[in-house]
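This is the structure I have questions about; it appears just below.
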Amino acid sequence: MRMRRAPARVGASVSPRRRGDPAAALNQVLSEVIDVVLDVKQAHRRVPQTHALHAVLDQLFADLRTWARLLADQDQALGVSPLASMPTAAGRTPPHPWHGAVSDEEVRRIVGEHLDRLGQHLAAALAEQQDDKVRAALAEVERGLLVHRRALSEL
């Protein structure tokens, strides 16, 4: 029996990230979004509902979930499996250990660092993308990221 070969794009998603690999750059952004979701969820639980920061984190959490779906949809449209190239739990950045009481300022600092790192990955991914739909999705995430970064700094 003859087996059809998988398209090169699918195989590329399994290999480690290298410069000039748009699919891997997109998946790095998606991976970072997932890492931010984990820490924002924990931070959201630590901030009292009466604090203005709680509402900012609530909206950020909702937007992060939307961004993750948007980016995963782009992968699907490209025929790439995001899970094939994402690091395992052992290779991921561990979430922040939210021990004890945490001040709003500390939460803003930690979440801000995550957003800065996400911004760096976004800039790198945008520089590598050729597909207009992927660029538009990344640009949408970047715009939202700037809004949230500004909201955190204004508290």
Side-chain angles (χ1 to χ4, degrees), residues 13 16-78 80-155:
S13 69
R17 175 155 172 17
R18 61 189 181 281
R19 186 145 175 75
D21 187 348
L26 172 65
N27 283 327
Q28 182 62 47
V29 173
L30 177 56
S31 181
E32 190 65 32
V33 166
I34 291 168
D35 287 346
V36 178
V37 164
L38 297 174
D39 263 345
V40 168
K41 185 175 183 178
Q42 292 299 315
H44 187 258
R45 292 178 180 162
R46 298 284 183 175
V47 176
Q49 290 184 4
T50 56
H51 294 202
L53 180 57
H54 187 84
V56 170
L57 292 175
D58 193 41
Q59 184 60 53
L60 175 57
F61 184 68
D63 286 347
L64 285 164
R65 292 176 59 202
T66 300
W67 299 342
R69 279 191 296 273
L70 175 68
L71 297 172
D73 288 348
Q74 295 307 309
D75 271 334
Q76 186 176 13
L78 293 172
V80 175
S81 169
L83 298 178
S85 63
M86 280 190 191
T88 64
R92 297 186 79 76
T93 303
H96 185 274
W98 297 96
H99 300 296
V102 181
S103 69
D104 285 7
E105 183 167 325
E106 181 71 1
V107 169
R108 283 195 318 268
R109 183 190 63 76
I110 292 166
V111 172
E113 288 173 0
H114 276 298
L115 296 181
D116 289 345
R117 195 168 41 253
L118 176 56
Q120 292 168 358
H121 290 299
L122 275 165
L126 277 165
E128 293 186 22
Q129 297 305 314
Q130 303 299 321
D131 186 284
D132 288 339
K133 290 181 181 179
V134 174
R135 287 184 63 75
L138 290 169
E140 181 179 329
V141 173
E142 187 175 49
R143 282 189 300 275
L145 177 68
L146 293 173
V147 167
H148 286 289
R149 196 68 184 105
R150 188 171 34 250
L152 278 176
S153 68
E154 290 175 354
L155 287 177

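The first residue of the sequence shown is numbered 1, and numbering continues consecutively from there.
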Checklist entry - Which heavy atom in Ala68 sits nearest to a heavy atom in Leu30, and how many Å separate them? => result O-CD1, 3.6 Å
Checklist entry - Of all heavy-atom pairs between Val56 and Ala151, which one has the smallest distance, and what is that distance? => result CG1-CB, 4.2 Å
Checklist outcome for this item: Nearest heavy-atom approach of Glu142 to Leu126 is OE1-CD1, 3.4 Å
Item to check | Student check: side-chain heavy atoms of Leu138 and Leu71 closer than 4.5 Å | outcome: yes
Checklist entry - Can you list the steps and then say if Glu113 with Arg109 is a salt bridge (charged side-chain N to carboxylate O under 4.0 Å, His left out)? => result CA-CA 6 Å; Glu113 288 173 0; Arg109 183 190 63 76; 2.6 Å; yes
Checklist entry - Which pair of non-hydrogen atoms, one from Trp67 and one from Leu145, has the smallest distance, and what is that distance? => result CH2-N, 3.5 Å
Checklist entry - Taking atom CZ of Arg45 and atom NZ of Lys41, what is their separation to the nearest 0.5 Å? => result 5.0 Å
Next on the checklist: Could you check whether any side-chain heavy atom of Leu70 comes within less than 4.5 Å of a side-chain heavy atom of Asp73, counting everything from C-beta outward?
Outcome noted: no
Checklist outcome for this item: Taking every heavy atom of Gln129 against every heavy atom of Ala25, the minimum-distance pair comes out as NE2-CB, 4.1 Å
Checklist entry - So do the side chains of Glu32 and Val29 get within less than 4.5 Å of each other, counting heavy atoms only? => result no
Checklist entry - What closest approach, in Å, do Gln74 and Ala137 show between heavy atoms, and which atom pair accounts for it? => result CG-CB, 3.7 Å
Checklist entry - Given the rule in the side chain to side chain contact (heavy atoms under 4.5 Å, CB included) test, do Val47 and Val102 qualify, once you have shown the distances and angles that lead to the verdict? => result CA-CA 8 Å; Val47 176; Val102 181; over 6 Å; no
Checklist entry - Got more than 12 heavy atoms from elsewhere within 6.0 Å of CZ, Arg65? => result no
Item to check | Value rounded to 0.5 Å, distance of CG in Leu146 from CG in Leu115 | outcome: 10.0 Å
Checklist entry - Once you round to the nearest 0.5 Å, how far does CZ of Arg135 lie from CG of Leu26? => result 12.5 Å
Item to check | Spatial distance of atom CG (Asp104) from atom CG (Leu155) [nearest 0.5 Å] | outcome: 8.0 Å
Checklist entry - Side chains of Thr66 and Arg69: does their closest heavy-atom pair fall under 4.5 Å? => result yes
Checklist entry - So how far is it from His44 NE2 to Gln42 CD, rounded to the nearest 0.5 Å? => result 11.5 Å
Next on the checklist: How long is the straight-line distance from CD of Gln59 back to CG of Leu64, given to the nearest 0.5 Å?
Outcome noted: 10.0 Å
Next on the checklist: side chain to side chain contact (heavy atoms under 4.5 Å, CB included), that's the test. Do Val111 and Val36 meet it? Break it down for me.
Outcome noted: CA-CA 8 Å; Val111 172; Val36 178; 5.5 Å; no
Checklist entry - Is there a side-chain contact between Val107 and Leu57 (heavy atoms, below 4.5 Å)? => result yes
